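Indexing begins at 1, ligand by ligand and atom by atom, following the structure's order. This structure is a prediction, so every number in the text was calculated from the model and none was measured.
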Amino acid sequence: MLILSGGTGTPKLLRGLARVLDPEEITVVVNTAEDIWVSGNLVSPDLDTVIYTLAGLIDEERWWGIRGDSFITHTRLSGLGVRERLAIGDADRAFHILRSDLIRRGGTLSDATEMMREALGIRSRIFPMSDDSVSTIIKTPLGDMHFQEFWVERRGEPEVLGIRFEGIDDARPSSGFLEALRKEDTVVIGPSNPVTSIGPILSLKGVRDLIAEKTTVAVSPLDGDRPFSGPAARFMRAVGIEPSDEGVISILGGVDHFMVSRSSSYPGRCIRTDTRIDSIDESVRLAKEIVKLAGGGK
Ligand code: GDP
């Protein structure tokens, strides 16, 4: 099963899928359009969250970073006048250092992901959507800014006038992503931000056509017409789409099985179910339902 993921909603679901399926049956392809270099190291927030989730290390309060991590280096750097765009834990940073070192020596983000996966003993496969750089730029009245500046540094406060993905037209899907698209029969589009997490993955050359041949299951990130968390509704409005499940499906394109919350007003064919997956039990329950649908084919 191939799962498309951002860095919060879909990782919550991965906890359940990893219990319902053999971890080796799971391949995750992760958005990299929120990646950013911080203090000389490449931070790939969504990829890190997926890796730490499958390794059982994720901080489940925040859905970023390693549970119980210390922030000595980050605090020292602040004291020295360095304002890091993201707060990075020490253990988390150790992986960023190894990753960036590998990339500076000519390796790819896929190579670095493989190194982390092996180091942490993860049996599922994990691939970045692309090894080429893509950056989410938010247009605001204060000017254009990187997604992380908008969301973390400015706490999502500026008005969002538009969103663009720098580098997306030239970015190729990673070879691991393409291989998974050839091999897997089922693609699950996880409950992630349709604009900034799933949007970039689906915008990569050839991806939509390849996915159209598969059995597809999508889980909406909305609870009724509101996101469970985060800026999805604002981002949807900024790209001219109503925040509703109709809006979500207009971004994702047609899917075979569309799972929405019980309070959804979606008028088309869909499966209304409990899509809140904060607890492991909730995640396992939804994962079982997904696996059943996926087995049913198109
Ligand atoms: P980001 O990369 O950190 O922005 O995270 P994602 O794009 O992966 O996830 C953000 C989306 O997850 C938001 O649109 C939320 O509404 C959605 N989300 C968060 N918790 C839940 C949940 O319990 N169930 C569902 N269905 N969606 C959720």
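A salt bridge links Asp59 with Arg62: at least one charged nitrogen is closer than 4.0 Å to a carboxylate oxygen. We find that Arg154 and Glu157 are not joined by a salt bridge, their nearest charged nitrogen and carboxylate oxygen being 4.0 Å or further apart. Salt-bridge check for Arg276 with Asp223: passed, with a basic side-chain N closer than 4.0 Å to an acidic carboxylate O. Salt-bridge annotation for Arg123 and Glu24: present, with a side-chain N of the basic residue lying under 4.0 Å from a carboxylate O of the acidic one. A salt bridge between Arg67 and Glu61 is absent, with no side-chain N of the basic residue lying under 4.0 Å from a carboxylate O of the acidic one.
Pairing each heavy atom of Pro243 with each of Leu222, the nearest pair is C-CD1, 4.1 Å.
Thr186 and Thr215 share no side-chain donor-acceptor pair at under 3.5 Å.
Taking distance alone, with nitrogen or oxygen atoms compared against 3.5 Å, Val219 stays at or beyond that limit from ligand 1. Annotation: Gly7 places an N or O atom under 3.5 Å from an N or O atom of ligand 1; distance criterion only. The distance criterion of under 3.5 Å between nitrogen or oxygen atoms is met by Gly9 with respect to ligand 1.
Of all atoms in ligand 1, listed by their number and element, those nearer than 4.0 Å to a heavy atom of Glu34 are 2 (O). Residue Arg276 has at least one heavy-atom neighbour below 4.0 Å for each of these atoms of ligand 1: 23 (O), 24 (N). For ligand 1 and Ser197, the ligand atoms under 4.0 Å from any heavy atom of the residue are 2 (O), 4 (O), 6 (P), 7 (O). Within ligand 1, counting atoms from 1 as listed, the ones closer than 4.0 Å to a heavy atom of Asn193 are 6 (P), 7 (O), 9 (O), 10 (C), 11 (C). Close approach of ligand 1 to Asp46 is summarised as follows: ligand atoms under 4.0 Å from at least one heavy atom of the residue are 2 (O). Every atom of ligand 1 is numbered from 1 in the order shown, and the set under 4.0 Å from a heavy atom of Ala232 is 14 (O).
Nearest protein heavy-atom neighbour of atom 5 (O) of ligand 1: Thr8 N, 3.0 Å. Nearest non-hydrogen protein atom to atom 20 (N) of ligand 1 is Lys12 NZ, 2.9 Å. Scanning the protein for heavy atoms near atom 15 (C) of ligand 1, the closest one is Ser229 O, 3.2 Å.
With atom 18 (N) of ligand 1 as the reference point, the heavy atom nearest to it among Phe228, Trp151, Phe235 is part of Phe228. Atom 11 (C) of ligand 1 has its nearest heavy-atom neighbour, among Ser5, Pro227, Gly230, Pro191, in Pro191.
Only the backbone of Ser220 comes within 4.0 Å of ligand 1, judged by heavy-atom distances. Under 4.0 angstrom from ligand 1, the non-hydrogen atoms of Ile277 come from both its backbone and its side chain. Contacts between Glu282 and ligand 1 below 4.0 angstrom, taking non-hydrogen atoms only, are absent altogether.
Note: Phe235 and Phe147 have perpendicular aromatic rings, judged against thresholds of 30 and 60 degrees for the angle between ring planes.
At a 4.0 Å cut-off, not a single heavy atom of Arg226 sits close enough to ligand 1 to count as contact.
Partner of Arg285 under the side chain to side chain contact (heavy atoms under 4.5 Å, CB included) criterion, out of Glu289, Glu282, Lys288: Glu289 alone.
In this structure, His146 contributes its side chain and Asp35 its backbone to a donor-acceptor pair below 3.5 Å.
Shown here are the side-chain contact (heavy atoms from CB on, under 4.5 Å) partners of Ser175, two or more places apart in sequence or in another chain: there are none.
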